[in-house]
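Naming: A, B, ... by sequence-line order, numbering from 1 per chain.
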Protein chains: 2
Amino acid sequence: MDTSDTDGRAAADLTARARIRDAALAEFADRGFKGATFQTIADAAGVSTGLIRHHFGSKEGLRRVCDEHAIGTLLDQARSSLGAEAAEPGFMASVYAMGAASARYLARALVEGSPAATEMFDAGSDLAEQFLSATWPDRFPAGGAAVRDAAAVMGAMHLGTLVLHAHLSRRMGADSLDPANLPRTGAAIADIYALMGDYFTGAQGALITEAVASAAHGKDEEDRDE
Amino acid sequence: MDTSDTDGRAAADLTARARIRDAALAEFADRGFKGATFQTIADAAGVSTGLIRHHFGSKEGLRRVCDEHAIGTLLDQARSSLGAEAAEPGFMASVYAMGAASARYLARALVEGSPAATEMFDAGSDLAEQFLSATWPDRFPAGGAAVRDAAAVMGAMHLGTLVLHAHLSRRMGADSLDPANLPRTGAAIADIYALMGDYFTGAQGALITEAVASAAHGKDEEDRDE
DNA sequence: CACCAGGCTGAATGAACGTTTAGCATTCTG
DNA sequence: CAGAATGCTAAACGTTCATTCAGCCTGGTG
């Protein structure tokens, strides 16, 4: 993994190799793996397309390096945030603190599929599982099906704010990944949880839960041709 | 919009045109717009690539038809679910009731960008905004910045379970978009809201809110080269 | 100085793929 | 029945793009 905090890190990151990687991170995030081209990446990095091949071998190789760099940056960030609060809340904090470049890359990778994205989702779900079981052991017995489902859904919901950052930013009128705007997203999540809790513990909760269960039957899959 | 419930709908959907559209929906969802090829779509639909051009003009034209079909299916579904519960809970119910084909297409479109995806996100956020303001008018004054942010974040979190369905399915051990498994996701969301409410209204909530705010300063954007 | 290794360039190559074109078959229509 | 329109196929075309190749430049080393 080339995100180690060893000696030559900062210096090495000024090289053309690092510029290519950063440009690729941005292009993959914006246009996806297939949509990104050597030419655009090379232009953004201020190098020739030949140099990309020289350093990374192939487009797939470049993707792999981006993948490892992004997940490495996330894990570094998570570790440096005092391992104490390695629970769920801390995980999302790390995701947002890792920097926009890697975050946007991983956001897209979560949908296009990549080892790093899978690792990130699993890490979030694992931490959520620990958190839920530790906080409500009676409601969420460790290792049970209920925690597993809840943790996975919780991970998906939280990462949803990352993956859908473009839409979120549009609705909020500001870049949701800009550190200056993080408090707005954080406050919104806190508000939602605090208030929706009332809603779901009340009578409405039972109604909705029941409605969800019945919806599984009433559904009509229109358009079943062929 | 060709998802109207007019007379010839069902019959027309047995045509090659409909088969192409359905195959495109699936390919675009699986491989993305750029990753999908005429050949794969044509093979899946059992037609020649020339016929795609004949019916849709170009790849972009095919995408537009998929877009309109998917959002049309969603809106039809929302309308048919008794407009009464058109609030947020009903919106997500419609998303999951619209069928896996359109849902998976829109999941990917939400990240790659498309008019239909934007319309869907906005619809979800708008309904969330109405719901939040109507339910907690003192906490969320209608038209204020707090509701707007909370509604956008809520929309992102809920749609996160759609966009990240591949990861969710992997963790849950079953296809999260299969109607048979909807109760699991629904129950998980209900559990999360019911319990996290306790957490955030307690002392922890204040701590986390504060931590989020301070994190906006303490962040270090490593890797600022170039 | 001679030499060479590694960073780097730019054009050539070849495959993948969207698009175009020509034409066949079937079905309406007057 | 003539003929026009529609659904459809198959091959050719041209572009885009990842990959390859030949070689330049610079700095360090014997």
- Query: Are a donor atom and an acceptor atom from the side chains of Gln39(A) and Asp43(A) found within less than 3.5 Å of each other?
  - Reply: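 A donor-acceptor contact under 3.5 Å links the two side chains.
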- Task: Taking atom types as modelled, find out whether Tyr96(B) and Thr185(B) have a side-chain donor-acceptor pair closer than 3.5 angstrom.
- Result: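 No, no side-chain donor-acceptor contact under 3.5 Å.
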- Query: Separation of Phe56(B) atom CZ from dT19(C) atom P, in whole Å?
  - Reply: 13 Å
- Aromatic ring pairing Tyr105(A)/Phe28(A), orientation class (parallel under 30°, perpendicular over 60°, tilted between): tilted
- Closest heavy-atom pair and its distance - Ser176(A), Ser169(A): N-OG, 2.8 Å
- Minimum heavy-atom separation for Lys34(A) to Lys34(B), with atom names?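 In terms of heavy atoms, the two residues are closest at CB-CB, 4.2 Å.
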- Query: Taking protein heavy atoms under 4.0 Å as touching, what does nucleotides 6-21 of chain D look like 5' to 3' if B marks base contact, S marks sugar-phosphate-only contact and - marks none?
  - Reply: -BBBB------SSBB-
